[in-house]
Amino acid sequence: MKALILAAGMGTRLVPVSANIPKAMVPVNGKPILVKQIENLIDNDVTDIAVVVGYKGEVIKELVNQRFSFVHIIESPNYATTNNMYSAYLAKEWVGHSPFIMMNGDVFFDSVIIKDLCDNEANDLICTDVGQYMEESMKVVEQNGRLTEISKDIPRELALGVSIDVYKFSEQSGGSFFEKCFEYIHGKREVNLWSEVALNDTLKVHRFLPCHIRGRWFEIDTLEDLASAEQLFAID
C-alpha cells in the first residue's frame, strides 16, 4: 500500500503562521500537520509515501531529508494556479498500478483512523465522520449500501456525513480516478479543481464505502481552525 499526501497549498488564510512555511507544515501544539500524517502512516506500517509539494516546498524537502529520507517528493511548479486535483495527477506515475491512500495535507488526525482504513477489507473507502455536517467540508451521500456522491454542496438531509479528506483506492478505482483527472486537466483544461471532483465521477463506476472513523480529526484552513484543533488535541 502506497500513501500520497497532497501538500502544495499556500494556506493564505493561515497567515501570519503560514507566511514562511507551507500549509502542511503549520504546527498543531508544536507538531506540524505533515509530521503527524507521516507518523500516522508509519505507525501502521505504511512507509511507501510520496508528498506533493509546491508553495515553500523547500521547507518540506528539508524536513524529509532530516527525518523521513524514505519519503518521495513530487514537485508542483504550478501550485499557485492549480488545485489539489492537479497535485494528485502529478503522482500518477509514482502510484503506478498500486493501491494507495490519499490525503490532503491540512488535516490533523489520530493514527487510529489510518489503522481502521488499513484493517478494513473493502478496497475503496472514504473516511467519513458519520452524522456530522459542516458547510466547508466535503459531504457524502450513501445509497443502496455504497457512496454515490461527494461534494461540498450536498444538503444536510441527504448527507451521510462529512469526508475527512482521507481516501483508499484499489488499483482499479485509482486508475479510473487518474483517468478522470486527465479528462479535466488535459481534456477540459480545468486545472483549478478539487480532487473530489474527479473522485465524484469515480464513484459512479466503482463501489466506494464509508470507513466510519473513530478518533479525532480537524481540517485546518483558518487561524480559528488552528485554535480549535490545538484545543481538541491538547491532550494526546
Side-chain angles (χ1 to χ4, degrees), residues 3-14 17-18 22-26 28 32-34 36-37 40 52 82-88 101-114 116-117 120 122 124-143 146-169 173 177 180-181 184 192-204 208-233:
L4 174 62
I5 302 175
L6 308 179
M10 300 170 69
T12 54
R13 289 187 287 171
L14 283 161
V17 177
S18 62
K23 188 179 186 183
M25 288 296 290
V26 168
V28 177
I33 301 168
L34 181 62
K36 177 61 172 167
Q37 291 188 343
N40 288 348
V52 182
T82 60
N83 210 322
N84 65 352
M85 181 194 292
Y86 188 87
S87 293
I101 295 167
M102 185 175 78
M103 65 190 73
N104 289 342
D106 60 359
V107 185
F108 201 89
F109 59 89
D110 284 327
S111 175
V112 69
I113 290 174
I114 296 296
D116 290 346
L117 189 68
N120 195 307
D124 301 306
L125 293 163
I126 296 177
C127 289
T128 305
D129 194 344
V130 175
Q132 184 63 265
Y133 191 92
M134 292 177 248
E135 292 295 337
E136 281 294 308
S137 294
M138 292 284 173
K139 277 75 75 176
V140 295
V141 175
E142 183 181 44
Q143 292 181 327
R146 62 182 286 179
L147 297 178
T148 58
E149 188 175 355
I150 181 167
S151 170
K152 284 191 176 184
D153 299 327
I154 293 168
R156 185 183 298 269
E157 61 270 20
L158 296 180
L160 171 69
V162 299
S163 162
I164 73 163
D165 302 334
V166 179
Y167 309 104
K168 184 168 83 170
F169 293 86
S173 68
F177 169 74
K180 297 299 181 183
C181 291
Y184 282 105
N192 195 22
L193 296 174
W194 291 307
S195 60
E196 285 81 8
V197 174
L199 177 56
N200 189 61
D201 290 348
T202 307
L203 297 182
K204 307 298 188 286
F208 276 76
L209 303 178
C211 182
H212 295 215
I213 67 158
R214 56 191 178 109
R216 302 162 295 177
W217 71 281
F218 212 101
E219 180 182 356
I220 301 167
D221 291 318
T222 67
L223 294 173
E224 291 76 17
D225 292 340
L226 179 58
S228 297
E230 291 195 322
Q231 183 174 11
L232 178 64
F233 286 90

Could you state the interatomic distance from [atom1] ([X]) to [atom2] ([Y]), rounded to the nearest 0.5 Å?
{"X": "N84", "Y": "M103", "atom1": "CG", "atom2": "CE", "result": "13.5 Å"}
{"X": "C127", "Y": "L117", "atom1": "SG", "atom2": "CG", "result": "4.5 Å"}
{"X": "S111", "Y": "D116", "atom1": "OG", "atom2": "CG", "result": "9.5 Å"}
{"X": "S195", "Y": "K180", "atom1": "OG", "atom2": "NZ", "result": "15.0 Å"}
{"X": "I5", "Y": "D106", "atom1": "CD1", "atom2": "CG", "result": "11.5 Å"}
{"X": "I114", "Y": "K168", "atom1": "CD1", "atom2": "NZ", "result": "10.0 Å"}

Please check this pair: side chain of [X] against backbone of [Y], looking for a donor-acceptor N/O pair closer than 3.5 Å.
{"X": "K23", "Y": "L14", "result": "no"}
{"X": "K36", "Y": "V28", "result": "no"}
{"X": "D110", "Y": "V112", "result": "no"}
{"X": "N40", "Y": "I113", "result": "no"}
{"X": "Q37", "Y": "N104", "result": "yes"}

[X] versus [Y], closest heavy-atom pair with distance:
{"X": "A122", "Y": "L209", "result": "CB-CD1, 3.8 Å"}
{"X": "F177", "Y": "A198", "result": "CE1-CB, 3.8 Å"}
{"X": "T202", "Y": "S173", "result": "CG2-O, 3.7 Å"}
{"X": "S18", "Y": "G11", "result": "OG-O, 2.6 Å"}
{"X": "V140", "Y": "S163", "result": "CG1-CB, 4.4 Å"}

Quick check: do [X] and [Y] have side-chain heavy atoms less than 4.5 Å from each other?
{"X": "D165", "Y": "E196", "value": "yes"}
{"X": "V130", "Y": "E142", "value": "no"}
{"X": "E219", "Y": "D225", "value": "no"}
{"X": "Q231", "Y": "F218", "value": "no"}

Residues in side-chain contact (heavy atoms from CB on, under 4.5 Å) contact with D129, at least two apart in sequence or another chain
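side-chain contact (heavy atoms from CB on, under 4.5 Å) check on D129 returns Q132, V162, I164, I213, W217.
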
Test side-chain contact (heavy atoms from CB on, under 4.5 Å) applied to V17 - qualifying residues, sequence neighbours left out
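Checked V17 against side-chain contact (heavy atoms from CB on, under 4.5 Å); matches are V26, P27, L223, L226.
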
Enumerate, atom names and distances included, each donor-acceptor pair closer than 3.5 Å involving a side-chain atom of residues 146-160, sequence neighbours excluded.
from: R146; atom 1: NH2; to: L203; atom 2: O; distance (Å): 2.9
from: R146; atom 1: NH2; to: H206; atom 2: O; distance (Å): 3.0
from: S151; atom 1: OG; to: D153; atom 2: N; distance (Å): 3.0
from: K152; atom 1: NZ; to: E136; atom 2: O; distance (Å): 3.2

Mutual orientation of the aromatic rings belonging to F208 and F169 [parallel < 30°, tilted 30-60°, perpendicular > 60°]:
perpendicular

Check the pair N83 / V197 against side-chain contact (heavy atoms from CB on, under 4.5 Å), numbers first and verdict last.
CA-CA 11 Å; N83 210 322; V197 174; over 6 Å; no

